[in-house]
Colleague: 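The structure under discussion is supplied below as structure tokens; questions concerning it will follow.
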Amino acid sequence: MLNKLKKYQDIIFLVIVILIIAKIIQNYQWFLGIVGELSRILAPFFWAFGTAFLLNPLMKYIEKKIHTKRLFTLIIIYTLLIGLLILFIVIVTPRITNSVTELVKNMPQYYKAFQNSMNSFLDSRFFDNAELNKMIKETLGTIFESVFAYFNDFLSNLVSKVIGLTSGILQFLVGLIISVYMLYDKEHFQDFAKKVLNKLFESDKSKGIIEWGSIANSVFTDFFIGKTIDSLIIGILCGIGLTIIGAPYPFLLSVVVGVFNMIPYVGPFIGAVPTIILTLFIVPQKTIWVALFILILQQFDGNILGPKILGNRLGIRPIYVVLAIFIGGGFFGMFGMLVGVPLFKMFSIVLDRLMGEKKMQV
């Protein structure tokens, strides 16, 4: 009897999984509620895992190069991290908050001045036909009013989210403490995971799962660390360039451009939109220069800086990168856009193995 069950264990496992999925679909609201509550409770552990994941390569590098003990390595890393966090809280956060608050307050005034400038420009430069001139004014007015309303709503939501972040500070701090233990006992957790896999699966299957876990770790580490460094450099260069041009709120806009630059291909264009729109409303005469600068910066990032930092680690054609970003964003918002590309890279590696080819042109 046991031998028969063992023979059909894969089929039994598949049937159980299908039944569980069907049950979840039937009671999806209850399931989503449970997942939401569980996510709230485990939020510090998510912060801890993310922090440990990002700091692990640095810890390995220091231990390899300097040959320090684990405890001393962690003291070095977390001293640097806490220093950077304090620097961010003291210098960056107040400037961003003040800029966004001031922008929300002054946006109606900026829009009114822009509308007057646009009407004066149309009256003095275009069309002798009064009716045609009026129609153009009304059309452009409607378009810019819609853009202004959307942009204003976006800023208001941003202020609300920034204020709402304060409620997650405690979770982050607890997560930071937990991440120390995760990194300190990293090998213990790895050994425990291997033991569990060896108990649950046969030797070949457990080795395969461990191998895929190692590949996933490599893909996500390369992507996130590389893109973080790349985006930080682009944000700094953007801030310097916008300040020289005389664009409004250069610090805030450089942060926006740097953050959205984390998303390959699509992100730089998303970050450029609010930068150009804001410049258009406040200092219209600078708009062309800002747009040209952003375009040059994007070309520099895409053709020189990005490949230099990331190399050809993605190895995915741009069309598939864009597809991964849209699918991930559609299901999981900004988080999905960030993880969509490395997940698609994992999918391409799976295809490579299934097709029995060393390298596919995905």
Colleague: Identify the heavy atoms of I215 and M346 that sit nearest to each other, and give their distance.
Modeller: CG2-SD, 3.9 Å
Colleague: Roughly how far apart are F192 CZ and L197 CG, rounded to 0.5 Å?
Modeller: 10.0 Å
Colleague: Less than 4.5 Å apart, side chain to side chain, heavy atoms only: is that true for T228 and L232?
Modeller: no
Colleague: For I244 and F293, what are the C-alpha separation, side-chain angles and deciding distance, and is it a side-chain contact (heavy atoms from CB on, under 4.5 Å)?
Modeller: CA-CA 11 Å; I244 293 171; F293 168 70; over 6 Å; no
Colleague: When you measure from the side chain of N106 to the backbone N and O of E102, does any donor-acceptor pair fall under 3.5 Å?
Modeller: yes
Colleague: Could you give the distance from CZ (F172) to CG (L85), rounded to the nearest 0.5 Å?
Modeller: 5.0 Å
Colleague: Linking I/L/V/M/F/W/Y whenever their side-chain heavy atoms sit closer than 4.5 Å, directly or via other members, would I75 and L176 fall into one cluster?
Modeller: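 Per the 4.5 Å side-chain linkage, I75 and L176 are co-clustered.
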Colleague: Of V283, L292, V290, which meets side-chain contact (heavy atoms from CB on, under 4.5 Å) against I245?
Modeller: V290
Colleague: Counting only heavy atoms not in Y110, do more than 12 sit closer than 6.0 Å to its OH atom?
Modeller: yes
Colleague: Taking the side chain as every heavy atom from C-beta outward, state whether F269 and Q298 have any atom pair closer than 4.5 Å.
Modeller: yes
Colleague: At their closest point, which heavy atom of P342 faces which heavy atom of V219, and how far apart are they?
Modeller: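 Nearest heavy atoms, P342 then V219: O-CG1, 3.7 Å.
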Colleague: Transitively linked via ILVMFWY side-chain contacts under 4.5 Å: V255 with F88?
Modeller: yes
Colleague: Can you tell me how far CE of M59 sits from OH of Y78, rounded to the nearest 0.5 angstrom?
Modeller: 8.5 Å
Colleague: Can you find a pair of side-chain heavy atoms, one from I236 and one from S254, that are under 4.5 Å apart?
Modeller: no
Colleague: Between R95 and L252, does the side-chain contact (heavy atoms from CB on, under 4.5 Å) criterion hold? Intermediate values first, please.
Modeller: CA-CA 8 Å; R95 293 189 66 178; L252 174 63; over 6 Å; no
Colleague: OG1 of T79 to CG of L84: how many Å apart, nearest 0.5 Å?
Modeller: 11.0 Å
Colleague: Is there a donor-acceptor pair closer than 3.5 Å between any side-chain N or O of R70 and the backbone N or O of L183?
Modeller: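 Yes.
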Colleague: Would you please say whether a donor-acceptor pair under 3.5 Å links the side chains of T287 and T279?
Modeller: no
Colleague: Check whether any side-chain heavy atom of F260 sits under 4.5 Å from a side-chain heavy atom of V273, and report yes or no.
Modeller: no
Colleague: Taking the six-membered ring for Trp, are F224 and F220 parallel (under 30°), tilted (30 to 60°) or perpendicular (over 60°)?
Modeller: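 Answer is parallel, since the angle falls under 30°.
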Colleague: Would V92 and F251 satisfy side-chain contact (heavy atoms from CB on, under 4.5 Å), going step by step from the backbone distance to the final call?
Modeller: CA-CA 9 Å; V92 178; F251 187 84; 3.8 Å; yes
Colleague: Applying a strict under-4.5 Å side-chain criterion to I, L, V, M, F, W and Y, I'd like to know whether V174 and I89 cluster together.
Modeller: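 Different clusters.
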Colleague: Check step by step if side-chain contact (heavy atoms from CB on, under 4.5 Å) holds for Y181 and Y184.
Modeller: CA-CA 5 Å; Y181 293 100; Y184 186 79; 5.6 Å; no
Colleague: V256 and P274: which non-hydrogen atoms are nearest, and at how many Å?
Modeller: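 Closest heavy-atom pair between V256 and P274: CG1-CG, 3.9 Å.
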Colleague: Would you indicate whether F189, at its atom CZ, is surrounded by more than 12 heavy atoms from other residues, nucleotides or ligands within a distance under 6.0 Å?
Modeller: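 Check passes, neighbour count above 12.
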Colleague: Keeping the roles fixed (side chain from K227, backbone from I263), state whether a donor-acceptor pair exists under 3.5 Å.
Modeller: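 Answer holds: no.
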Colleague: Side-chain heavy atoms nearer than 4.5 Å, only ILVMFWY residues, links allowed to pass through others: does that put F46 and I41 together?
Modeller: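 Different clusters.
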Colleague: To the nearest 0.5 angstrom, please state how far the CD1 atom of I62 sits from the CG atom of L80.
Modeller: 7.0 Å
Colleague: Grab the two heavy atoms, one from W289 and one from Q285, that are nearest each other, plus how far apart they are.
Modeller: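 Scanning both residues, the minimum pair turns out to be CD1-O, 4.0 Å.
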Colleague: By the rule that ILVMFWY residues connect when side-chain heavy atoms come within less than 4.5 angstrom, directly or transitively, which residues belong alongside V90?
Modeller: I82, I86, L87, I91
Colleague: Just wondering, are more than 12 heavy atoms of other shown residues or ligands nearer than 6.0 Å to CZ in F300?
Modeller: yes
Colleague: For V257 and G271, work out which heavy atoms get closest and say how close.
Modeller: CG2-O, 3.9 Å
Colleague: Just wondering, more than 12 heavy atoms not from L295 lying within 6.0 Å of its CG?
Modeller: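 Result for CG/L295: enclosed.
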Colleague: Can you tell me if K194 uses its side chain to pair, donor with acceptor, with the backbone of I210 under 3.5 Å?
Modeller: no
Colleague: List the atom of K286, the atom of G246, and the distance in Å for their closest heavy-atom pair.
Modeller: CE-O, 4.2 Å
Colleague: Side-chain contact test, heavy atoms from C-beta onward, threshold under 4.5 Å: evaluate it for I282 versus L103 and give yes or no.
Modeller: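 Yes - at least one pair of side-chain heavy atoms lies under 4.5 Å apart.
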Colleague: Kindly compute the distance separating CG (L253) from CG (L242), expressed to the nearest 0.5 Å.
Modeller: 6.0 Å
Colleague: Please examine the side chains of W47 and L173, heavy atoms only from C-beta on, and report whether any two atoms are closer than 4.5 Å.
Modeller: no
Colleague: Taking C-beta and beyond as the side chain, do L81 and T51 meet within less than 4.5 Å on heavy atoms?
Modeller: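 Contact flag for L81/T51 side chains = yes.
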